[in-house]
Amino acid sequence: MIKKICCIGAGYVGGPTMAVIAYHCPEIDIHIVDSNKERIDLWNSDNLDNIPVKEPGLSKIISKVRGKNLFFSNEVDKYIDLCEMIFIAVNTPTKTSGEGKGMEADLKNIINCAKQVALVSKSDKIIVEKSTLPVRTAEKLKEILENNKKEKINFEIISNPEFLAEGTAIQDLFKSDRVLIGAEQTESGKIAQNKLIDIYKKWIPEEKIIKTNVWSSELSKLASNAMLAQRISSINSLSALAEKSGAKIDELSMAIGKDHRIGDKFLKASVGFGGSCFQKDILNLVYISRQYGLDEVADYWHNVVKINEFQKDRFSQIIIRNIKTSSNQIVSVLGWAFKKDTNDSRESSSISVTSNLLLKELTVKVYDPLIKINQIYQDITTYLEFKNINQKNISKLLQKLTVNDNLNHCLIETDAIAFLTEWDIFLDIEWDKFSKNQHNKSKPKIFDGRGIIDQEHVSSLGYQIYQIGNGDNSIN
Ligand code: NAD
Ligand code: UGA
């Protein structure tokens with residue numbers, strides 16, 4: 001029985017997954033370690049509002065387990081050495097330089113973890129790949145561990161990819177559709193696999209725990225994300241066609257989703273998928289396919305990302321076309337998070353759409369209930385730098401950007417209101433009230449990138465509205 005777990009990486013995966021294991025397994029001590037001191041300090045903050053990952057239900061669980069059997073620390077070496085099972089949940093972004101730039105997963109953090117584990121371990125360890133990794137990464141890890149180890153010890157590597165979605169992480173972890181555990185089909189591999197199964201069995205029904213070999217497990221994670229993203233790109237591509245042909249995308253989604261072979265999930269048309277994983281994991285899949293000489297396979301998946309870019313650009317151009325009648329026009333961007341109920345803005349569609357608006361010299365006001373002002377400026381700066389805009393021009397563009405902490409300020413004194421995240425509070429906007437305060441002539445145009453606005457109602461109040469995938473739009 002495992003008694004001590006160390007998890008390297010206190011992020012959106014490491015924090016919630018370990019909190020849930022700690023909750024269900026009070027007999028196991030879990031130490032989450034991270035090289036980022038600021039992040040660890042926030043996890044240890046007395047005020048639970050300050051924990052760095054905002055997820056419904058997370059702070060309640062943290063309050064129950066933190067200091068009892070869940071601990072956060074910067075002492076990475078100490079807890080690697082102390083624990084029998086090491087989860088690696090560090091970030092694996094797309095490479096930004098060198099060979100594979102913009103496509104391949106950057107495994108620098110994973111490699112550093114493996115070296116560190118090898119150098120400090122004085123006893124056998126089970127290493128659990130929790131991060132999303134290219135297929136056959138376990139092979140590389142094994143090599144690094146064997147080449148750098150200081151003692152005559154055994155490392156067993158198992159793959160246990162994470163399928164939680166942000167915003168619903170706790171419910172996903174409590175009631176997982178499946179838990180995937182891939183191990184080498186050797187005696188020691190199977191023992192390690194069973195030790196991890198014993199942990200999950202505490203709350204996950206056994207029939208939902210899937211045993212595979214390591215490569216199937218690693219590849220299944222990339223494939224699952226690719227299939228989910230593919231559904232979004234499929235419906236988003238059809239949203240463009242619906243607008244041209246007079247159809248309504250929500251009606252299409254409903255009609256298609258009623259076929260039980262297709263199902264109704266992940267068919268909500270949007271301004272494009274965001275988040276730290278879909279794009280990076282598909283690009284990684286594309287890269288791996290090319291490495292194996294499978295160009296047709298690579299091209300097929302690359303189109304999922306291309307359609308996503310098309311959708312974000314299409315939405316930006318519709319705003320620009322309809323607003324940029326003179327300079328000094330103002331656009332309110334509502335929502336910065338890549339989806340509701342998370343404080344994560346990585347790869348959010350808001351970033352590229354807002355950048356496109358700023359580059360066309362429009363003034364932009366942003367509101368988001370959870371994303372901090374510094375993060376918004378940082379996101380835009382990083383994006384523009386990536387587009388090779390120089391610092392002087394970036395500073396100039398940022399002068400046209402303001403961030404409001406009050407939703408109502410974004411609804412008034414503006415020429416356009418663009419919905420980029422589907423936050424519930426946006427459903428409560430009192431359009432009747434605003435309509436009375438706004439002369440017909442000065443009513444802002446509405447651009448709904450999430451299909452959340454009651455189009456008939458706001459149109460009846462005299463607003464012009466563009467809604468993604470709606471063939472009845474008064475703005476095109
Ligand atoms: P994150 O950026 O939120 O957290 C990663 C943490 O690892 C950071 O705090 C960073 O400081 C730390 N770290 C990096 N290298 C380190 C090292 N060598 N030593 C100590 N700490 C180190 O990332 P995340 O969103 O939690 O994602 C982690 C992995 O899980 C990624 O591979 C991602 O693809 C995958 N994943 C993410 C999600 C999600 O919803 N975010 C879901 C499933 C899988
Ligand atoms: C996604 C997967 O759903 C998780 O299973 C996976 O573990 C995770 O990636 C990961 O590997 O990181 P996440 O990105 O957190 O989770 O959130 P999703 O709910 O999948 O949404 C991703 C993006 O797609 C969001 O921008 C969302 O608004 C958008 N989306 C989702 C749509 O536009 N339409 C839909 O129908 C569903």
Side-chain angles (χ1 to χ4, degrees), residues 6-18 32-40 42-43 52-53 55 72-77 79-80 87-94 105-117 129-134 137 160-169 172-173 176-178 221-222 224-229 231-236 239 249 253 257 264-281 284 308 311-312 335 337-350 420-422 449-451 468:
C6 169
C7 173
I8 312 179
Y12 284 85
V13 167
T17 51
M18 292 303 123
I32 307 187
V33 294
D34 202 295
S35 48
N36 181 336
K37 183 171 181 321
E38 198 188 330
R39 212 166 201 185
I40 289 295
L42 289 172
W43 279 113
V53 172
E55 278 291 334
F72 294 90
S73 169
N74 285 121
E75 295 183 88
V76 182
D77 289 357
Y79 290 107
I80 289 175
F87 283 75
I88 302 186
V90 298
N91 41 329
T92 49
T94 306
D106 187 344
L107 296 184
K108 174 177 79 218
N109 293 333
I110 293 285
I111 290 168
N112 287 343
C113 287
K115 283 186 183 158
Q116 206 164 355
V117 170
E129 294 178 343
K130 196 48 139 170
S131 299
T132 303
L133 299 168
T137 300
N160 171 223
E162 186 46 60
F163 294 102
L164 68 80
E166 290 180 30
T168 53
D172 294 343
L173 289 164
S176 308
D177 286 347
R178 78 308 209 178
K221 172 62 197 177
L222 291 182
S224 296
N225 273 1
M227 300 277 277
L228 289 169
R231 280 175 74 96
I232 304 171
S233 279
S234 298
I235 205 70
N236 281 345
S239 74
I249 198 65
S253 297
D264 61 0
K265 304 283 190 300
F266 272 68
L267 288 180
K268 180 71 184 162
S270 67
V271 56
F273 57 75
S276 61
C277 294
F278 277 174
Q279 177 174 300
K280 108 172 143 63
D281 292 346
N284 189 13
N308 203 47
Q311 190 76 339
K312 290 187 275 187
F338 79 95
K339 63 187 280 196
K340 72 172 183 177
D341 293 338
T342 177
N343 64 333
D344 192 348
S345 59
R346 290 178 287 182
E347 303 294 337
S348 174
S349 303
S350 310
L420 275 293
T421 313
E422 74 285 21
R450 290 290 188 164
I468 220 121

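Remember, it's 1-based here, ligands and their atoms both numbered in the order they're listed.
Formation of a donor-acceptor pair under 3.5 Å by the E55 side chain with backbone atoms of G167 is found in this model. Not a single donor-acceptor pair under 3.5 Å links the side chain of R39 to the backbone N or O of P52. Side chain of R450 to main chain of L420: a donor-acceptor pair is present (N/O by atom type, distance under 3.5 Å, no hydrogens or angles). Although no hydrogens or angles enter the test, the distance criterion places no donor-acceptor pair under 3.5 Å between the side chain of D281 and the main chain of N225. S350 contributes a side-chain N or O that, together with a main-chain N or O of G335, makes up a donor-acceptor pair within less than 3.5 Å. Judged purely by atom type and a 3.5 angstrom limit, K268 uses its side chain to pair as donor or acceptor with the backbone of G451. Remark: side-chain polar atoms of S270 are paired, donor with acceptor, to backbone N or O of G272 under 3.5 angstrom. Side-chain N or O atoms of W43 include none that pairs as donor or acceptor with a backbone N or O of G15 at under 3.5 Å. Formation of a donor-acceptor pair under 3.5 Å by the T421 side chain with backbone atoms of A337 is found in this model. Although no hydrogens or angles enter the test, the distance criterion places no donor-acceptor pair under 3.5 Å between the side chain of K37 and the main chain of N74.
Here the protein heavy atom with the shortest distance to atom 7 (O) of ligand 2 is L164 O, 2.7 Å. Scanning the protein heavy atoms around atom 16 (C) of ligand 1, the nearest turns out to be V90 CG1, 3.6 Å. In terms of protein heavy atoms, atom 15 (O) of ligand 2 is closest to E166 N, 2.7 Å. Regarding atom 1 (P) of ligand 1, its nearest protein heavy-atom neighbour is R39 NH1, 3.6 Å. The closest protein non-hydrogen atom to atom 22 (C) of ligand 2 is F278 CE1, 3.6 Å. Protein heavy atom at the shortest distance from atom 30 (N) of ligand 2 is I232 CD1, 3.4 Å. Nearest to atom 21 (O) of ligand 2 among the protein's heavy atoms is K339 CD, 4.0 Å. Ranking protein heavy atoms by distance to atom 32 (O) of ligand 1, first place goes to T92 OG1, 2.6 Å. Counting protein heavy atoms only, atom 25 (C) of ligand 2 is closest to F338 O, 3.5 Å. From the protein, the heavy atom lying nearest to atom 5 (O) of ligand 2 is F163 O, 2.7 Å. When only non-hydrogen protein atoms are considered, atom 3 (O) of ligand 2 lies nearest to L228 CD1, 3.7 Å. In this structure, atom 11 (O) of ligand 1 lies nearest to the protein heavy atom D34 OD1, 2.6 Å.
Under 4.0 Å from ligand 1, not a single heavy atom of D281 appears. Contact annotation: for N225 versus ligand 2, heavy atoms closer than 4.0 Å belong to the side chain alone. Neither the backbone nor the side chain of A165 comes within contact range of ligand 1; no heavy atom lies under 4.0 Å. Counting heavy atoms under 4.0 Å from ligand 1, residue K108 does not touch it at all. Contacts between N91 and ligand 1, counted as non-hydrogen atom pairs separated by less than 4.0 Å, involve both the backbone and the side chain. Counting heavy atoms under 4.0 Å from ligand 2, residue E162 touches it through the backbone alone.
Below 4.0 Å from some heavy atom of N109 lie the following atoms of ligand 1, by number and element: 14 (C), 15 (N), 18 (N). Close contacts of ligand 1 with N36, meaning ligand atoms under 4.0 Å from a residue heavy atom, involve 11 (O). Those atoms of ligand 2 that come under 4.0 Å of a heavy atom in A165, given as number and element, are 3 (O), 15 (O), 16 (O), 17 (O). Within the listing of ligand 1, atoms 3 (O), 24 (P), 25 (O), 26 (O), 41 (N) sit less than 4.0 angstrom from a heavy atom of Y12. Every atom of ligand 1 with a heavy atom of K221 under 4.0 Å away is listed here by number and element: 43 (C). Those atoms of ligand 2 that come under 4.0 Å of a heavy atom in K221, given as number and element, are 6 (C), 7 (O), 10 (C), 11 (O). Atom numbering of ligand 1 starts at 1 in the shown order; those under 4.0 Å from a heavy atom of K280 are 33 (C), 34 (O). Short contacts between ligand 1 and R346, defined as distances under 4.0 Å to a heavy atom of the residue, involve ligand atoms 1 (P), 2 (O), 3 (O), 23 (O), 25 (O), 41 (N). Set against the non-hydrogen atoms of C277, the atoms of ligand 2 under 4.0 Å away are 10 (C), 11 (O), 12 (O). Residue S270 approaches ligand 2 through these ligand atoms, each under 4.0 Å from one of its heavy atoms: 32 (C), 33 (O). Numbered from 1 in the order shown, with element, the atoms of ligand 1 that lie under 4.0 Å from a heavy atom of S131 read 29 (C), 30 (O), 32 (O). If you number the atoms of ligand 1 from 1 as listed, the ones under 4.0 Å from a heavy atom of E166 come out as 39 (C), 40 (O), 41 (N).
In this structure, the side chains of T168 and D341 stay at 4.5 Å or more apart for every pair of heavy atoms. Annotation: side chain of E75 is not in contact with side chain of V33 (no heavy-atom distance under 4.5 Å). For the pair N284/T92, no side-chain contact is recorded, criterion being any heavy-atom separation below 4.5 Å from C-beta on.
Salt bridge E422/K340: absent, no basic N to carboxylate O contact under 4.0 Å. Between E129 and K221 no salt bridge is recorded (no basic side-chain N to carboxylate O distance below 4.0 Å).
In the model, N91 has no side-chain atom that pairs as donor or acceptor with a side-chain atom of Y12 under 3.5 Å.
Using the six-membered ring where Trp is involved, F273 and F278 have ring planes that are perpendicular, over 60° apart on the 30 and 60° scheme.
Distances shorter than 4.0 angstrom do not occur between any heavy atom of K265 and any atom of ligand 2. Heavy atoms of R450 come nearer than 4.0 angstrom to ligand 2 in at least one pair. Within the structure, the closest approach of G275 to ligand 2 does not fall below 4.0 Å when heavy atoms are considered.
The N/O atoms of K268, backbone and side chain alike, include one that comes under 3.5 Å of an N/O atom in ligand 2. For ligand 1, one of its N or O atoms has an N or O atom of S35 under 3.5 Å away. Remark: ligand 1 and Q116 share no N or O pair separated by less than 3.5 Å (distance only, no angle test). The distance criterion of under 3.5 Å between nitrogen or oxygen atoms is met by V13 with respect to ligand 1. Of the N or O atoms in T132, one or more lie within a sub-3.5 Å distance of an N or O in ligand 1. Residue G274 has at least one N or O atom closer than 3.5 Å to an N or O atom of ligand 2.
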- Message: Between V90 and N112, does the side-chain contact (heavy atoms from CB on, under 4.5 Å) criterion hold? Intermediate values first, please.
- Response: CA-CA 10 Å; V90 298; N112 287 343; over 6 Å; no
- Task: Could you go through the side-chain contact (heavy atoms from CB on, under 4.5 Å) check for F163 and R178 one step at a time?
- Result: CA-CA 8 Å; F163 294 102; R178 78 308 209 178; 3.4 Å; yes
- Task: Go through K280 and T132 one step at a time and tell me if the side-chain contact (heavy atoms from CB on, under 4.5 Å) criterion holds.
- Result: CA-CA 10 Å; K280 108 172 143 63; T132 303; 4.0 Å; yes
- Query: Where do E166 and N343 land on the side-chain contact (heavy atoms from CB on, under 4.5 Å) test, with the steps shown first?
  - Reply: CA-CA 9 Å; E166 290 180 30; N343 64 333; 5.9 Å; no
